[in-house]
Amino acid sequence: MPALSIGAGDVLQVTVFGQPDMSAEVSVTDEGEVTLPLIGLLRIAGMSQAELEKLIAQRLREREYLLHPEVSVTVRQNRSQAVSVLGEVVRPGRYPIQGRFTVLDLLAVAGGLTPKADTVAVLLRKGEGGAAGAPVRIPIRLDRVANPDRSPLDLVLNQGDMVYVGQQKFFYIHGEVRRPGSYPMEPDLDVMRALSIGGGVTERGSMNRIQIHRKTEGTEARDFSPHLTDAVLDGDVIYVKERIF
């Protein structure tokens, strides 16, 4: 992972070994600048810690304060490199990136998920072209924590990323099924899987007499007969009718 760059709001500890008068704790201004003893104003936004150490040492040599300066820069408070998490987590907010920081790490520092959390979160990431580019939406399965294939949860976050955890969504199944009721949505849920979650069709029910009642935003509710491979959407009501004898 590339070294994190210094940005506005960061608090730095600059240490010149053996020279306490040249050392200082400084804050990076909104313009990306700091003022250091003897050196004065430096524009440092976008530099890494190593690059800033070299620059300070170079300025001290150029001005003949020290022949062989040894400089260390430590980020005391990282306020510029941060990611956000919103929605159904215990402590939503903005969190600093410290080294390698994954989606799972972010959810952990945010206190974990609330009981209302959906099983899928969305990672919003700046697209090509920076702030002007369209954001990239990356779905993250939250039910994969104990799964060997949990690569989306191990995705390393970048500066400015935002993870949104929405409320859990439900579908409903009634009629001639063994366990009618409401159930949490699953990714890629189809009618066949929904019937299975509901315990399957009873002996009185008909696989050929299934209806879905669907209400989508901005449209009238409608009833239709689905195929078993059709997708089930949030809020769908599936009704299995009795077979005709």
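We count residues from 1, following the sequence as given. Predicted model only: the values in this text are computed from it and were never measured.
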*Same cluster for L86 and F101 if Ile/Leu/Val/Met/Phe/Trp/Tyr side chains link at under 4.5 Å?*
no
*Can you see which heavy atom on T102 is nearest to which on R100, and at what distance?*
CG2-NH1, 3.3 Å
*Gap between atom NZ of K169 and atom OG of S182 - 0.5 Å precision*: 15.0 Å
_With a 4.5 Å cut-off on side-chain heavy atoms, are I44 and V28 touching?_
yes
_Can you confirm whether K215 is buried at NZ, in the sense that more than 12 heavy atoms of other residues, nucleotides or ligands lie under 6.0 Å from that atom?_
yes
*To the nearest 0.5 Å, tell me how far M47 CE sits from K54 NZ.*
11.5 Å
*Verify the cluster assignment for L189 and M192: are they in a single hydrophobic cluster under the rule of side-chain heavy atoms below 4.5 Å apart?*
yes
*Please report the closest heavy-atom contact between S206 and V201, naming both atoms and the distance.*
N-CG1, 3.9 Å
*Closest approach of V90 and G111, non-hydrogen atoms and distance?*
CG2-O, 3.3 Å
*Apply side chain to side chain contact (heavy atoms under 4.5 Å, CB included) to I173 and I197, showing your working.*
CA-CA 9 Å; I173 185 164; I197 292 171; over 6 Å; no
*With E176, which of K241, R204, E203 fulfils side chain to side chain contact (heavy atoms under 4.5 Å, CB included)?*
R204
_For a 4.5 angstrom cut-off between non-hydrogen side-chain atoms, does L228 reach I210?_
yes
*With sequence neighbours excluded, tell me which residues meet salt bridge (Lys or Arg N to Asp or Glu O under 4.0 Å) with R209.*
none
*When clusters are formed by joining ILVMFWY residues with side-chain heavy atoms under 4.5 Å apart, either directly or through shared neighbours, do V177 and M207 land in the same one?*
yes
*Find out if a path of hydrophobic residues (ILVMFWY) with successive side-chain heavy-atom gaps under 4.5 Å connects M185 to V165.*
no
*Counting only N and O atoms by type, is there a donor-acceptor contact under 3.5 Å from the side chain of Q49 to the main-chain atoms of V73?*
yes
*Test side chain to side chain contact (heavy atoms under 4.5 Å, CB included) applied to D161 and L123, step by step*: CA-CA 7 Å; D161 282 351; L123 168 60; 3.8 Å; yes
_Applying side chain to side chain contact (heavy atoms under 4.5 Å, CB included) to Q168 and K116, what does each step give before you reach the verdict?_
CA-CA 6 Å; Q168 193 170 50; K116 295 181 180 179; 5.7 Å; no
*Between the side chain of S23 and the main-chain N/O of Q19, is any donor-acceptor distance below 3.5 Å?*
yes
*Evaluate the side chain to side chain contact (heavy atoms under 4.5 Å, CB included) criterion for residues L52 and V34: first the C-alpha distance (whole Å), next the side-chain angles of each, then the deciding distance (0.1 Å), finally the verdict.*
CA-CA 11 Å; L52 181 54; V34 293; 5.6 Å; no
_Does any part of the side chain of R59, heavy atoms only, come nearer than 4.5 Å to the side chain of L36, both counted from C-beta?_
no
*Closest heavy-atom contact between D236 and A231?*
OD2-O, 4.3 Å
*Any side-chain heavy atom of T74 within less than 4.5 Å of one from T15?*
no
*Hey, could you give me the CG/CG distance between D105 and L153, rounded to the nearest 0.5 Å?*
10.5 Å
*Taking side-chain contact (heavy atoms from CB on, under 4.5 Å) as the test, write out the residues that go with Y95, two or more places apart.*
V85, R91, L106, V109, A110
*What is the minimum heavy-atom distance between D30 and A8, and which atoms define it?*
CA-CB, 3.9 Å
*Should V136 and M162 be counted in the same cluster of Ile, Leu, Val, Met, Phe, Trp and Tyr side chains packed under 4.5 Å apart?*
no
*So does E62 have more than 12 non-hydrogen atoms from other groups sitting under 6.0 Å from CD?*
yes
*Search all heavy atoms of S225 against all heavy atoms of Q211 and return the closest pair with its distance.*
OG-CG, 4.2 Å
*Backbone N or O of A82 within a donor-acceptor pair of the Q159 side chain at under 3.5 Å?*
yes
*In terms of heavy-atom contacts, does CG of D188 have more than 12 from other residues, nucleotides or ligands at under 6.0 Å?*
no
*asked:* So, taking the atom named CZ in R214 and the one named CZ in F171, what distance separates them when rounded to the nearest 0.5 Å?
replied: 12.5 Å
*Is there a donor-acceptor contact under 3.5 Å from the side chain of R137 to the main chain of L124?*
no
*Using a 4.5 Å cut-off on heavy atoms from C-beta on, say whether the side chain of L142 contacts that of D118.*
no
*D230 versus I212: any side-chain heavy-atom pair under 4.5 Å?*
no
*Gap separating the CZ atom of F170 from the CG atom of D234, nearest 0.5 angstrom*: 9.5 Å
*So how far is it from L60 CG to L55 CG, rounded to the nearest 0.5 Å?*
9.5 Å
_Check: R63 side chain, L38 main-chain N or O, donor-acceptor pair, under 3.5 Å_ = yes
*Heavy-atom distance under 4.5 Å between the side chains of L66 and V16, does that happen here?*
yes
